[in-house]
There are 2 protein chains.
Amino acid sequence: MSFDLQPTFRALADPTRRDILKLLSQDDLTIAEVAQQFDMTRGAVKKHLTILEEGQLITVTAKGRERVNQLNPDAIRPAFDWLSFFETFWDARLDALKAAIETSDSQNESPSND
Amino acid sequence: MSFDLQPTFRALADPTRRDILKLLSQDDLTIAEVAQQFDMTRGAVKKHLTILEEGQLITVTAKGRERVNQLNPDAIRPAFDWLSFFETFWDARLDALKAAIETSDSQNESPSND
DNA sequence: TAATTGTGATACCATTTGGTGTTATATTGA
DNA sequence: TCAATATAACACCAAATGGTATCACAATTA
């Protein structure tokens, strides 16, 4: 039963929502406070916050009549881990580069995927 | 001039496209070969490949009448780096957890890939 | 109590997205 | 040359997306 990455990646696939995450990394904010930072109606911001909540990237707590939105950084991990799979390939290239530099004249074969 | 993350995150925000990336991490494939792996027409797969190409996550090379699609792992880095900003917060929590427990006995490893 | 404020919910619109099917073009191979 | 193949390009459709405007309701405050 693997974790469903889709809601996470979906939530991350919008620049406004990524900006909101950065904002919330500094402060917990109400909907109105978030909306204040964007050239957009509260309704539009609320929609983004809902999608972020569905991706569990934020948690929302009722505080009187306000809703405080809080970053949930842990939810970013699965996406991060997924991407880190490809780190291998960066390393492979770096290793190849290192090897090429270090050997510099005796090594000639680099059987990479071509 | 900061790199535009949008085409990258957009390309990553679809499960089919993420699967294609995994596929291409093992082999360079033509459109038909990629399409063979999915319950979807070639046309639909081609659209996904175009979006992946727009995000520079793959490179396409003409080889006779075929188009060979190749993974470009470097293009994943910017997204990876963006997410790594939040690593700070995981570390903060982990440090707090470590401090709270103090008698560690580690358990981990559940590599969830989509 | 009444007025104000923060939010949820809904209806609505334009655009994008994911998908299909068809047709056209270029390359390969007999 | 001709047939088969791999793809591009296009029209088309249903659904999702990003946005607005508006109304209703609960909590605060005068």
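Order of the sequence lines sets the chain letters (A, B, ...), proteins ahead of strands, with each chain counted from 1. None of the values given here were measured: they were computed from a predicted structure.
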Per Arg67(A) side chain, nearest of listed nucleotides dG18(D), dG8(C), dT20(C): dG8(C)

Reckon Ala32(A) touches a base, only the sugar-phosphate, or nothing at all at heavy-atom distances under 4.0 Å? sugar-phosphate

Is there side-chain contact between Leu57(B) and Phe86(A), with heavy atoms separated by less than 4.5 Å? no

dT16(C) P sits how many Å from Gln6(B) CD, rounded? 13 Å

By a strict heavy-atom criterion of less than 4.0 Å, which residues belonging to residues 33-41 of chain B are in contact with DNA chain D? none

Taking every non-hydrogen atom, the tightest pair across Arg67(B) and Ala62(B): CD-CA, 3.9 Å

Members of residues 7-17 of chain A that approach DNA chain D, where some heavy atom sits under 4.0 Å away: Arg10(A), Asp14(A), Arg17(A)

Rounded to whole Å, please give me the gap between NZ in Lys47(A) and C1' in dA14(C). 12 Å

Does Gly43(B) or Glu66(A) map to a spot on DNA chain D nearer the 5' end, using the closest nucleotide for each? Gly43(B)

For dT17(C), take OP1 and OP2 only and decide whether either is under 4.0 Å from a side-chain N or O of His48(B). no

Check whether any side-chain heavy atom of Gln6(A) lies under 4.5 Å from a side-chain heavy atom of Arg18(B), and answer yes or no. yes

Could you state the CD1-C1' distance from Ile51(B) to dT17(D), rounded to the nearest angstrom? 14 Å

Atom-pair distance (CD on Glu54(A); C1' on dT17(D)), nearest Å: 12 Å

Under 4.0 Å: is that the gap between some side-chain N or O of Lys46(B) and OP1 or OP2 of dA8(D)? yes

Tell me, do Ile76(A) and Phe89(B) make a side-chain contact under 4.5 Å, heavy atoms counted? no

For nucleotides 22-30 of chain C, give me one character per nucleotide, 5' to 3': B if any protein heavy atom sits under 4.0 Å from the base, S if the only such contacts are to the sugar-phosphate, - if neither. -----BS--

